[in-house]
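What follows is one structure encoded as structure tokens, with my remarks underneath.
Each chain gets a letter, A, B and so on, in the order its sequence line appears, and its residues count up from 1. The structure presented is a predicted model; accordingly, all values stated were derived computationally and were not measured. Excluded from the calculations below are hydrogen atoms, water molecules and symmetry mates; all remaining heavy atoms, backbone and side chain alike, are included.
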Amino acid sequence: MKVIFRQVNLLHPLENIDTKETDIMLIDGRISKIGKLTLEESKGARGYDFRNKTIVPGFFDMHVHLREPGREDEETVNSGCNSAAAGGFTGIACMPNTEPAIDSAEIISLIKRKSFEHLVDVFPIGAATLGRKGDVISPMAELKDAGAVGFSDDGVAIKSASILRRAMEYSLMYNLPIIEHCEEESLGGGAMNEGINSTILGLPPIPSVSEDIIVSRDILMAEYTGGKLHIAHISTKKSIEMVREAKTRGLRVTAEATPHHFTLTDDYLKTYDTNLKMNPPLRSQNDLDAVIEGLKDGTIDCIASDHAPHSPEEKESEFEYAPNGIIGLETEVGLTLSELYHKKHLSLAQIIDKLSINPRKILNIPIPSFKAGEIANFTVLNPDEIWTVDISKFKSKSNNSPFGKKLINGRAAAVINKSKMYYEGEDVLL
Amino acid sequence: MALISKHLIGLQGVPREDIQLILDTAVTFREVLERPIKKVPTLQGKTIVNLFYENSTRTRISFELAEKRLSADSINFSTSTSSVTKGESFKDTIRNIEAMKVDMVVVRHAAAGTPFYLTKICNANIINAGDGIHEHPTQALLDMYSIREKLGKIAGLKVCIVGDIAHSRVAFSNIYGLQSMGAEVSVCGPSTMIPRFIQDLGVKVIYNIDEAIQENDVLNILRIQLERKAREYFPSIREYAKYFGITSERLEKNGKDILLMHPGPINRGVEISSEVADGKHQIILNQVTNGVAIRMAVLYLLGTLN
């Protein structure tokens with residue numbers, strides 16, 4: 001089938017493409033031609049007017065919890081992929097803290113199989129240790145062969161320095177990253193960031209130093225082993241400083257930040273809203289400023305949602321007893337454009353780095369190309385569309401988001417991948 | 001001047017006039033408690049649930065008595081006798097209780113913010129009887145009442161709260177209430193028990209108990225939790241008693257008239273010596289009596305003005 005997107009802007013910083021108001025033709029889901037099309041060429045094609053929209057390489061979220069297997073009531077591979085497509089992503093990496101954990105080739109194959117038909121590519125992250133218990137490293141070679149693109153005990157940090165060392169050394173053979181949730185267990189167990197707000201609200205505190213200690217341990221270990229370390233959902237000023245310093249020393253250390261950590265602070269917790277409870281917690285304004293600074297100067301390589309679905313039964317409870325996490329796939333692109341692009345912290349090209357190119361680089365996943373003959377893997381952005389978040393319209397099975405009714409400037413209008421398009425709420429075959 | 005709020009969740013942000021109104025109203029009820037017949041018909045026909053998700057003897061009895069003295073119908077609910085043990089969620093429990101048409105809920109809960117959460121899911125007046133390490137407003141109100149009763153004022157006094165401040169809802173409610181009433185508040189205790197950000201609340205920190213005695217008009221001495229978890233915060237009970245315990249020697253050494261309070265239950269020989277606990281400076285049992293009057297005042301004001 002022949003499809004033409006007309007009057008569209010193209011932006012692909014890695015391929016030095018920045019073209020305004022051009023046409024792009026796909027044949028059977030592959031790029032056929034970019035540029036002015038002759039009448040002959042466009043004959044028999046289905047056309048879409050994408051005026052004021054920008055086609056960019058498909059977005060990728062490297063930190064998603066799909067909850068399958070184990071908590072299919074909260075999210076499934078399919079519903080998570082629908083949520084990702086609606087949010088503007090053509091690829092995601094899913095975290096291994098399922099029940100059971102993703103620590104065997106069988107579970108990786110199951111997820112791969114369940115997502116095979118979907119527009120959204122799913123790349124599982126394998127557990128770094130068996131059952132994420134921190135005692136024995138997982139069968140990383142087998143996991144990699146089945147499709148794992150990185151290893152993590154996300155939810156917790158790898159328990160001990162000695163197992164961390166083995167995990168880093170072993171994964172190094174395959175050049176895959178160890179993705180760390182940085183939290184010193186003995187300082188954890190709290191419900192919100194430690195500060196004047198936790199003092200006033202009487203909620204058990206999580207000190208920022210609990211993140212910093214593990215970031216520091218992990219950077220030292222990456223240096224010692226030569227391993228590849230990726231810091232998940234970085235949230236403190238100090239941790240960002242340490243990553244910045246590690247990068248200047250040439251270590252293989254990367255980091256991601258979530259939209260909620262560059263949008264909200266712990267000041268918002270005064271309502272005891274459990275949809276503001278996550279781990280790492282919302283931090284102070286100083287930390288938020290440091291996250292934005294880190295994104296600007298490249299210390300923080302990616303933006304990732306830490307999409308963490310939870311059932312209403314679990315979230316509607318006393319704050320301390322509610323589980324950590326919020327969903328984020330369907331607000332991530334909008335918040336990034338609102339908070340970073342429109343506030344002039346990042347250019348659109350930098351946002352493409354953070355949301356498309358860098359996460360794939362870290363996980364060794366091929367980056368979508370705009371060259372003729374390549375599979376069309378696009379996100380279509382409408383950077384100036386003003387819209388209001390309506391949680392009831394989310395494709396995710398869960399609704400634990402603090403961003404309901406928020407006014408947002410910018411969104412992804414469509415995604416295209418694997419000869420499929422998701423546009424205006426419809427699945428379209430290309 | 002009327003109480004603005006429908007609920008009493010905490011004293012943070014509560015204006016001086018409201019606190020004044022509660023204290024003044026309590027004076028009337030305190031007088032009722034001295035009568036041969038200690039009952040008034042004020043809340044006749046009102047139903048109050050005492051929802052205690054955490055162990056309590058004196059606060060629960062105090063509220064229950066206050067409710068009975070006001071002629072309200074009260075029901076007691078505690079976790080050991082409820083469906084909570086059967087796995088029912090908090091929200092469902094509350095919905096069920098509310099469906100039985102209750103007017104007011106007095107709640108104690110180990111999780112901070114639960115009384116506030118209740119205001120969102122239930123229409124009754126909510127009174128916080130202690131939530132986690134957040135607030136315990138009626139305790140602070142009765143403490144302020146007792147100070148005013150004994151010293152005739154609160155404004156301008158120097159009050160020090162002694163003990164495990166970091167894990168004390170009593171301390172926080174006292175800080176907000178006393179500051180609102182114009183007192184100067186300090187805290188004294190081992191550094192591990194002083195919240196890291198307490199000075200941001202305008203509270204002075206003292207690590208030396210003798211200094212605390214010398215500098216202050218009132219000491220509010222908190223109970224030291226003796227269980228293992230609390231013990232992570234100080235080396236031994238012996239060391240705590242030696243460096244922070246209030247003894248008669250210490251009071252004599254500092255040779256000064258001082259008012260001593262304690263929210264109870266007391267650990268004799270730990271935070272306060274037996275001699276001092278029964279001595280001339282303390283008003284521990286007055287606090288208990290005043291507690292009933294304060295709770296009557298709060299129930300009356302919330303139950304009739306709103």
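- For a residue to count as touching a neighbouring chain, one of its non-hydrogen atoms must lie under 4.5 Å from one of that chain's; by this rule B:H109 touches chain A with the side chain only.
- Atom CD of A:E245 has more than 12 neighbouring heavy atoms from other residues, nucleotides or ligands inside a 6.0 Å radius.
- In this structure, the portions of A:E194 lying under 4.5 Å from any heavy atom of chain B include both its backbone and its side chain.
- Within the 4.5 angstrom heavy-atom criterion, atoms from both the backbone and the side chain of B:A110 approach chain A.
- Between the side chain of A:E318 and the main chain of B:A112, no donor-acceptor pair closer than 3.5 Å is present.
- The parts of A:I196 that come within reach of chain B are both its backbone and its side chain, each placing non-hydrogen atoms under 4.5 angstrom from that chain.
- For B:F116 and A:Y272, the ring centers sit closer than 6.0 Å to each other.
- In B:N208, the CG atom is crowded: over 12 heavy atoms of neighbouring residues, nucleotides or ligands sit closer than 6.0 Å.
- Summarising the local packing, CZ of A:R217 is surrounded by more than 12 heavy atoms from other residues, nucleotides or ligands at distances under 6.0 Å.
- Ring centroids of A:F319 and B:H134 are separated by 6.0 Å or more, keeping the two rings apart.
- When side chains are defined from C-beta on, A:I200 does not count as touching B:F197, because their heavy atoms never get closer than 4.5 Å.
- Note that CD of A:E320 and OG1 of B:T114 are 7.0 Å apart. Values are rounded to the nearest 0.5 Å.
- For a residue to count as touching a neighbouring chain, one of its non-hydrogen atoms must lie under 4.5 Å from one of that chain's; by this rule A:T199 touches chain B with backbone and side chain alike.
- A:K397 NZ: more than 12 foreign heavy atoms inside a 6.0 Å radius.
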